[in-house]
Amino acid sequence: MNNGGVDAAVAPVGGPQPLEWKFSQVFGERTAGEEIQEVDIISAIEFNRTGDHLATGDRGGRVVLFERTDTRDHVGHRRDLEKMDYPMNRHPVFRYKTEFQSHEPEFDYLKSLEIEEKINKIRWCQSANGALSLLSTNDKTIKFWKVQEKKVKKVCSMNVDSTKAMGNSPIVGSSMSTSSRQYIANGGCTSNDFSFPTGGFPSLHLPVVTSHETNLMARCRRIFGHAHDYHINSISNNSDGETFISADDLRINLWNLETNSQSFNIIDVKPANMEDLTEVITSAEFHPTHCNMLAYSSSKGLVRLIDMRQSALCDRHSKLFVEQEAPGSRSFFTDIIASISDIKFAKDGRHMLSRDYLTLKLWDMNMDSGPVKTFQVHEYLRPKLCDLYENDSIFDKFECCLSGDGLRVATGSYSNLFRVFGCSEGSKEATTLEASKTPMRRQSLTSSRPLRSLGSSLGVVRRVKGADTSAPDANGNTFDFATKLLHLAWHPTENSLACAASNSLYMYYA
Amino acid sequence: MAMIDEPLYPIAVLIDELKNEDIQLRLNSIRKLSTIARALGEERTRKELIPFLSENNDDDDEVLLAMAEELGVFIPYVGGVEYANVLLPPLETLCIVEETCVRDKAVESLCRVGAQMREQDLVEFFIPMLKRLAAGEWFTARVSSCGLFHIAYPSAPEALKTELRTIYSQLCQDDMPMVRRSAATNLGKFAATIEAPHLKVDIMPMFNDLTQDDQDSVRLLAVEGCAALGKLLEPQDCAAHILPVIVSFSQDKSWRVRYMVANQLYELCEAVGPEPTRSDLVPAYVRLLRDNEAEVRIAAAGKVTKFCRILNSELAIQNILPCVKELSTDSSQHVRSALASVIMGMAPILGKDATIEQLLPIFLSLLKDEFPDVRLNIISKLDQVNQVIGIDLLSQSLLPAIVELAEDRHWRVRLAIIEYIPLLASQLGVGFFDDKLGALCMQWLKDKVYSIRDAAANNVKRLAEEFGPEWALQHIVPQVLDMINNPHYLYRMTILQAISLLAPVMGAEITCSNLLPVVINASKDRVPNIKFNVAKVLQSLIPIVDQSVVEKSIRPCLVELSEDPDVDVRFFATQALQSSDQLTMMSS
């Protein structure tokens, strides 16, 4: 945060300068020629509220946690920095903390349906008592995890010599076992048979725990299941700290973190007849501070703002955010590319970001007539929509994110590219970066020279998914539709981005 | 490794298992913590066991929960009240864990321990602990602290009291909604220990903050605070400070808060007293009855009778009755259903004239409601109307409603109405019953669903109890016995069931003359299930009828059945014979 303050002070008043992005770290980098395992592909990224922790989920149902190592409370580190007298260059540095298997593949026997273990979303909860808490979800089941340091116990100095006891009679060694139960059943050795001396029995002593090493343990505190007929696409915590929502294609349910036995269906867009279905819910999020507001996006390209105070069933929206389409521009693809794949509230709670296939739109909650800004993410794909439709890429769901100060937004594209836009008044910032160790390389190239296929230049072995996933465009540029950057997250307080390129997690700072 | 005497062995194992890998064994040991403590003696319990438990704060939640519970009753084992303070450290660590139920239990145990502690120990140990929790880094500690103030406060010296009030006020403004919720929940308890002058100066501002919280979940907990604080304040202060809050809550933006007001309405009225209720809460209540949100109307409708009891009949007729009329045609069936379950209670409050003139049409329309629950709720409270207007006025409309429910296609609805038939019978009288309902009761015996037939058989018995054996002999028994010739064996079985239930009510004579022959006859049935049920029924008849009848008719029949080719029939016949033998032996 200190760092953020410095940044703000340095930034000129008339609008911030475009950021110069630098490579910071990579986790799970591919070596040349390495084949990517499907299960290792990252499917969710999320910073916690303070930005001290980062979680990723993958298709194999695992959740990996990273922790920040450069913060002030790391005393040793700070001293090092002071010695180096080089504080300005500090940027968030993370290290692997732990990982755990959150979801396993399952089979729904009633519906004859396989349930993938893939983590669709991760959301952090308020941490308490030194433990980290988070929610993770796959298509059907949400789990509430606690990750905590646990003492590794090495018990010694027992009353009963276990080896000896085992030698005497193999079943002894437990109060549950038959031999000792006799005593208790007999009644109690405890009260009747003999009385306790006032000083107690000096021969008895408590077990002594020696080793005080600690170990990180992930424990599943609650499972929220059996509430979704369709695939869960989002989960979101309420600012009240006790409730959260989960959204699938047609319904949104409200849960209490303490209760997994019931949830309330607050939004249901399922028509009486499924043939009348014209739109599905694609994403949902609670307002960061107003406990009663939530927004959800739909495949029709609109975002509805719901006020939960109005009524128990939130079928009516209080505000509708949709951009009027330009007349005469309709085509077969209009509806498909209008579908919103992700929405995010800005930290200030006043702005909201939505991502559709070709654009990123910034909305002001006080203005529902249209977006305050629209950013073209990869407009050059517009002539190729037909191909993208053919190979299903047009249905890819790109996520988006906002910086903590709300001045910039970011989202992913194909060929492992992602884009950062400035959204303050008058900002022309529009950076293209590549999820690699040299993120700015692409920036210098885009305008002038044609590019070789990025895929081959990186030595990526693509899973074969149709021979023409990378086809040269009019400029001779090749776009690799298999290497898409869907998931990325912005650090809540600093200019730092975490991007998932297939199985690798790249971190950048500016 | 020490050698353990043989009798101490189980306790030694118990102690070792405090650190076992298996959670079940650890739980088992914790549950027997008092035994362990007694074996160690008071001093070592204080010096060894308690510190040992304090260390053990990263165990599984179930173990921690059990530990929190045990420690609440541990004072005798640490050496009595003068050593109670040694229990505070382990409970303090349990107050900080993430799992809510563990924290709640630890707070509960701390309250229990604190309530027994000596005053100087409270000041020396309990209050410093409370302050540590209230200033805790984690919100969990602060949440727990809110529930301890009412224990600490009365013993604190003046300066400390002021400090405690200040701390609580900070908790009411905590950044975390969880802490503010806990502060709101516990405010009433804390306020009850505070001296009157401070109540107005210190507690009311805290309360006002909570009532204006941005988080709906905090405000709705403050609603309960209204009732708790209202009872502590002088009537005029209550009218000045609490009443406006209730009125504004009843118009809150959030339906959940309004729901809470509707739900707590009676308690709120009690807190502010009858006069302000009449003047200020009637309009508020009317608004709730007309709320946009069905959930709020449901809660409000359910309180109609209780609320009217506070008012006089004039106010009720003038203000509440029009709303009730609207609610009876509400678009939500659940609202109508909630109204139907309480509306009958309004009759005594309104008096006969108003009931007949105004309430009766509402009853009648609810009785014709398309939603069966609404009708059922009306019928279930029929006795209340009867007291005021008599059943005659209703009976015209009642019958169609009952008949329709009796034939509802959902068996649960049919089941529900059967349950009410004895009540209806007693209210409507024999005459009405004979004409209209008798046939229905017989019809249910032939229902397609077992539960209904079962209930119907039971119903026949309850009717016989209500109207007496003689009436039953004329109006029930012939029809019932008639059905023993039904071609379907399941229906014949229902009749056997009805006979076994009726027999004790009808008495020995009628049983012998009317019921027994039918049962004996059924022993010749071609279906084995009927035959072994005959054996069971005969067994139940043996204690009722005369010994001579047993010898003459029942035993021969059972003997015959005991030689039946079917194994089950033989089994039950033999069983019946044995029980008959036992009875004979006992009586001889």
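Residue numbers start from 1 in every chain, and the chains themselves are labelled A, B, ... in the order their sequence lines are given, proteins ahead of strands.
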For [X], is it the side chain, the backbone, both, or neither that has a heavy atom closer than 4.5 Å to a heavy atom of chain B?
X         : value
Glu258(A) : side chain
Ser133(A) : neither
Thr243(A) : neither

Largest heavy-atom contact set with chain A, pairs under 4.5 Å, which of Arg44(B), Glu43(B), Glu295(B): Arg44(B)

Heavy-atom pairs under 4.5 Å with chain A - which of Ser254(B), Ala141(B), Ala39(B), Gly136(B) has more of them than the others? Ala39(B)

May I ask you to decide if [Y]'s main-chain N or O and [X]'s side chain share a donor-acceptor pair within less than 3.5 Å?
X         : Y         : answer
Trp255(B) : Ser311(A) : yes
Glu293(B) : Ala312(A) : yes
Arg309(A) : Asp252(B) : no

Which atoms of [X] approach chain A - backbone, side chain, both or neither, heavy atom under 4.5 Å:
X         : result
Ile15(B)  : both
Asn292(B) : neither
Arg180(B) : neither
Asp22(B)  : neither

Sorted by number, residues from residues 215-223 of chain A in contact with chain B (heavy atoms, under 4.5 Å): Arg219(A), Arg221(A), Arg222(A)

Trace of the side-chain contact (heavy atoms from CB on, under 4.5 Å) decision for Lys146(A) with Glu99(B): CA-CA 10 Å; Lys146(A) 171 174 89 171; Glu99(B) 192 55 50; 5.9 Å; no

Test of understanding: with side-chain contact (heavy atoms from CB on, under 4.5 Å), list the residues that count as partners of Asn366(A), not counting sequence neighbours. Lys319(A), Arg350(A), Asp364(A)

Of all residues at least two apart in sequence or in a different chain, which pass the side-chain contact (heavy atoms from CB on, under 4.5 Å) check with Arg31(B)? Ala66(B), Glu69(B), Glu70(B)

So which pairs with a foot in residues 134-147 of chain B pass side chain to side chain donor-acceptor pair (under 3.5 Å), sequence neighbours left out? Arg142(B)-Asp174(B)

